[in-house]
Visitor: 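This structure is in C-alpha cells; I'll ask about it shortly.
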Amino acid sequence: MFRRKSMITVLATGMLLSSGVVYAQTNSAPNAQAATAFDNNVIKKISADNMYNTIKYLSAVPREAGTEGEVRGVEYIESQFKSLGLETRRIPFPIYDYKLNHVLAVVDGVDFKGRAFSGSGSGNVTAELVDVGKALAGTITDDVKGKIALIERGDITFVEKVANVVAKGAVGVLMYNNSANGNNFGQANGEVPAVAITQAQGKGLVEKLKNGPVTATLDVDIQKIEKTSYVVEAKLKPNKNKDTGQIVTIGAHHDSVPNGPGANDDASGVSAVLELARILVNTPIDTEVRFLTFGSEERGMVGSSFYVSQLPQSDIDRIVAHFQMDMIGGAEAGEDHPLGGLIMYTINGQKNLVTDLGASASSRMYDVAVPYGQLGRSDHQPFHDVGIPSALFIHSPVEPQYHKPTDTIEHISKEKLQQAASIVGAAAYQIVRPDTPALERARVAPALVDYDFENRPVD
Ligand code: BES
Ligand code: ZN
C-alpha cells in the first residue's frame with residue numbers, strides 16, 4: 001500500500017489528481033492538445049499490421065480454455081515474449097468440466113425429473129428434507145445436518161447457497177426455481193448431490209413439509225474432468241539504476257468461447273499487449289511492466305482471478321495500474337461514437353489513475369477524451385477487487401459478431417487497433433517513462449482534461 005500511496009502523492013504534486021479530472025501541473029501552451037514527444041516515443045512505433053497478423057494467427061483456431069487451441073495460442077504468445085528477451089512464465093491453473101451420467105430426484109415415489117447442477121457432487125443419498133428458504137448465510141439452523149436442504153432460488157449465488165447449507169452439514173441440495181422457467185439452472189463446486197426442480201414442484205414440497213416429515217432421494221453420478229488453462233506473464237524490468245519499485249500491468253485474455261475464432265474477443269487485445277511489449281523493450285523505463293494474457297476469462301475470469309490470487313501481497317502493493325484491453329478492433333463496434341466507440345469501464349463506475357491517463361492521452365492525440373463508464377465482464381475485475389486502479393478498454397456497443405463464429409479477422413479494423421493501442425500505450429507510458437512522475441523535468445507536460453461518464457448500452 002505504501003508504494004501506491006506514494007504514487008498518488010507524487011502524481012498529485014506533479015501530474016494529476018488521483019481522483020481524476022485535473023492535472024496539478026497545467027500547461028496552457030497552444031499545442032497542449034497535441035501528442036507530445038513522449039507519446040510519440042511509443043505511438044509512432046505501433047504497427048497495426050503487426051497486430052493484425054497476430055490476430056490472424058490466433059483466430060485461425062478456436063482457443064477455448066483447456067483445449068489444444070488454447071495451448072497453440074499460449075505457445076505463440078510465449079514465443080513472442082521470449083523473442084523480445086522478456087522474463088516469460090506460463091502459469092498453469094486447473095479448470096473443471098462435468099460430464100453427467102445419471103440424475104434422479106425422488107420424493108415419496110415420485111420422480112421429479114430434476115436436473116443436476118453443473119458441478120453437482122456425486123452420490124446417492126436418502127434423507128429428510130428441510131426447508132431452508134433461500135439459504136441465506138446466518139439463517140440456517142443445525143436442523144439441516146445429515147438432511148437434504150430444500151432451497152428457493154434467488155438473492156445470492158447458487159454456489160453461496162450450496163456452501164451455506166453444506167457448512168451446516170447438509171448431505172444434499174434440492175433447489176426450486178423462483179420463476180416458472182423450468183429447472184435448467186444451478187452451479188456448485190462438487191460438494192454434495194445438488195438437483196434443480198421447478199417452482200411448482202418446490203412450492204408443493206414446502207406445503208407438504210408443513211404436514212410432517214418428507215423423505216427424498218437424490219442420486220447423481222457426475223464425472224469431474226480436470227483440464228489445464230494458462231496465464232502467460234512477461235516481465236519487463238526497469239533500468240536498474242532508475243527503478244521506482246512500481247509495477248504497471250497490461251493485459252488481455254487469450255481464450256475464446258468454444259468454437260469461436262475470437263478475432264476481436266480477444267485476440268485483438270492480445271495483439272496490442274504483444275505490440276506494446278515489442279515497443280517498450282526498446283524504450284527506457286523506470287517502472288516494471290508486466291504483460292499478461294489470461295486463459296479462461298470466458299469461464300468467468302478464472303485465469304485473472306488465479307493470477308491475482310497467486311501474487312504476493314508485496315506485488316499487489318506495487319501494482320499502480322492495470323490496463324485491460326478486450327475487443328479493441330471490431331470494425332462494426334461502437335456505432336457513431338467518437339474514437340470508434342472506445343470507452344473505459346471501471347468496476348465501480350469511478351474514475352481512477354488508469355482512466356485519467358487514458359482520457360488525457362486520447363485528448364492529446366485525437367482531441368477527444370475517452371469517456372468512462374461502469375462495467376465488469378472482463379479481467380479488470382480481480383485487479384479492482386484487490387484495490388488496484390484498473391479499467392477495461394473496449395468499443396461499446398459491441399459488434400454483432402460478439403461470441404459468434406463470425407468473430408473473424410474480416411471484421412477487424414486496423415484503424416481501431418491502432419487507436420486503442422496508442423491510447424493505452426501512451427497512457428501507460430506516462431507512468432513508466434523515466435522522467436515522470438518528476439514532471440518538472442519534462443519538457444512537455446500533459447494537458448488538463450475533463451472527461452465524461454457515459455451510461456452506454458454495451459450489447
Ligand atoms: N469481451 C467480453 C466482455 C464484454 C462483452 C464486455 C460485451 C462488454 C460487452 C468478455 O470476453 C465476455 O464475454 N465476458 C463474459 C463474462 C462472463 C463469463 C463472466 C460475459 O460478459 O458474458
Ligand atoms: Zn472478451
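When a ligand or atom number is given, it counts from 1 through the structure's own listing order.
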Visitor: Please name the residue in the list Thr36, Thr283, Leu357, Asp39 that meets the side chain to side chain contact (heavy atoms under 4.5 Å, CB included) test with Tyr429.
Guide: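 It is Thr283; the other options fail the test.
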
Visitor: Show me the donor-acceptor pairs, under 3.5 Å and distance only, between side chains in residues 329-343 and residues at least two apart or in other chains.
Guide:
| residue | atom | partner | partner atom | Å |
| --- | --- | --- | --- | --- |
| Glu332 | OE1 | Gln401 | NE2 | 3.1 |
| Glu332 | OE2 | Gln401 | NE2 | 3.3 |
| Glu332 | OE2 | His411 | ND1 | 2.9 |

Visitor: To the closest 0.5 Å, what do you measure between CD (Glu233) and CZ (Phe81)?
Guide: 9.5 Å

Visitor: Any Lys/Arg nitrogen of Asp49 or Lys414 sitting under 4.0 Å from an Asp/Glu carboxylate oxygen of the other?
Guide: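 Looking at Asp49 and Lys414, the cut-off is met.
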
Visitor: Please tabulate, one line per pair, the protein nitrogen or oxygen atoms found under 3.5 angstrom from a nitrogen or oxygen of ligand 1, with distances to 0.1 Å, or say none if there are no such pairs.
Guide:
| residue | atom | partner | partner atom | Å |
| --- | --- | --- | --- | --- |
| ligand 1 | 1 (N) | Asp265 | OD1 | 3.1 |
| ligand 1 | 1 (N) | Asp326 | OD1 | 3.1 |
| ligand 1 | 1 (N) | Asp326 | OD2 | 2.9 |
| ligand 1 | 11 (O) | His253 | NE2 | 3.1 |
| ligand 1 | 11 (O) | Asp265 | OD1 | 3.1 |
| ligand 1 | 11 (O) | Asp265 | OD2 | 3.4 |
| ligand 1 | 11 (O) | Glu297 | OE1 | 2.7 |
| ligand 1 | 11 (O) | Glu297 | OE2 | 3.3 |
| ligand 1 | 11 (O) | Glu298 | OE1 | 3.3 |
| ligand 1 | 11 (O) | Glu298 | OE2 | 3.0 |
| ligand 1 | 13 (O) | Glu298 | OE1 | 3.2 |
| ligand 1 | 13 (O) | Tyr402 | OH | 2.6 |
| ligand 1 | 13 (O) | His403 | NE2 | 2.9 |
| ligand 1 | 14 (N) | Glu297 | OE2 | 3.3 |
| ligand 1 | 14 (N) | Arg377 | O | 3.3 |
| ligand 1 | 21 (O) | Arg377 | NE | 2.5 |
| ligand 1 | 21 (O) | Arg377 | NH2 | 3.1 |

Visitor: Any chance you could measure Asn53, atom CG, to Ser47, atom OG, to the nearest 0.5 Å?
Guide: 7.5 Å

Visitor: What is the distance from atom CE of Met327 to atom CG of Asp459, rounded to the nearest 0.5 Å?
Guide: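 One gets 8.5 Å once the value is rounded to the nearest 0.5 Å.
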
Visitor: Name each donor-acceptor pair under 3.5 Å that joins a side chain in residues 418-427 to protein atoms two or more places apart or in another chain, with its distance.
Guide:
| residue | atom | partner | partner atom | Å |
| --- | --- | --- | --- | --- |
| Gln418 | OE1 | Ala48 | N | 3.3 |
| Gln418 | NE2 | Ile46 | O | 3.0 |
| Ser422 | OG | Gln418 | O | 2.6 |

Visitor: For a salt bridge (charged side-chain N to carboxylate O under 4.0 Å, His left out) check, start with the C-alpha distance between Arg63 and Glu70, then their side-chain angles and the critical distance, and finish with the verdict.
Guide: CA-CA 4 Å; Arg63 304 176 306 284; Glu70 181 187 9; over 6 Å; no

Visitor: A cation-pi test, strictly: NZ or CZ of Arg72 under 6.0 Å from the centre of the six-membered ring of Tyr57 and no more than 45 degrees from its axis. Yes or no?
Guide: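 Positive - Arg72 is close enough to the ring of Tyr57 and near enough to its axis.
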
Visitor: Among the protein atoms near the Zn ion (ligand 2), how many are N, O or S and lie under 2.8 Å away?
Guide: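 For the Zn ion (ligand 2), protein nitrogen, oxygen or sulfur atoms under 2.8 Å: 4.
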
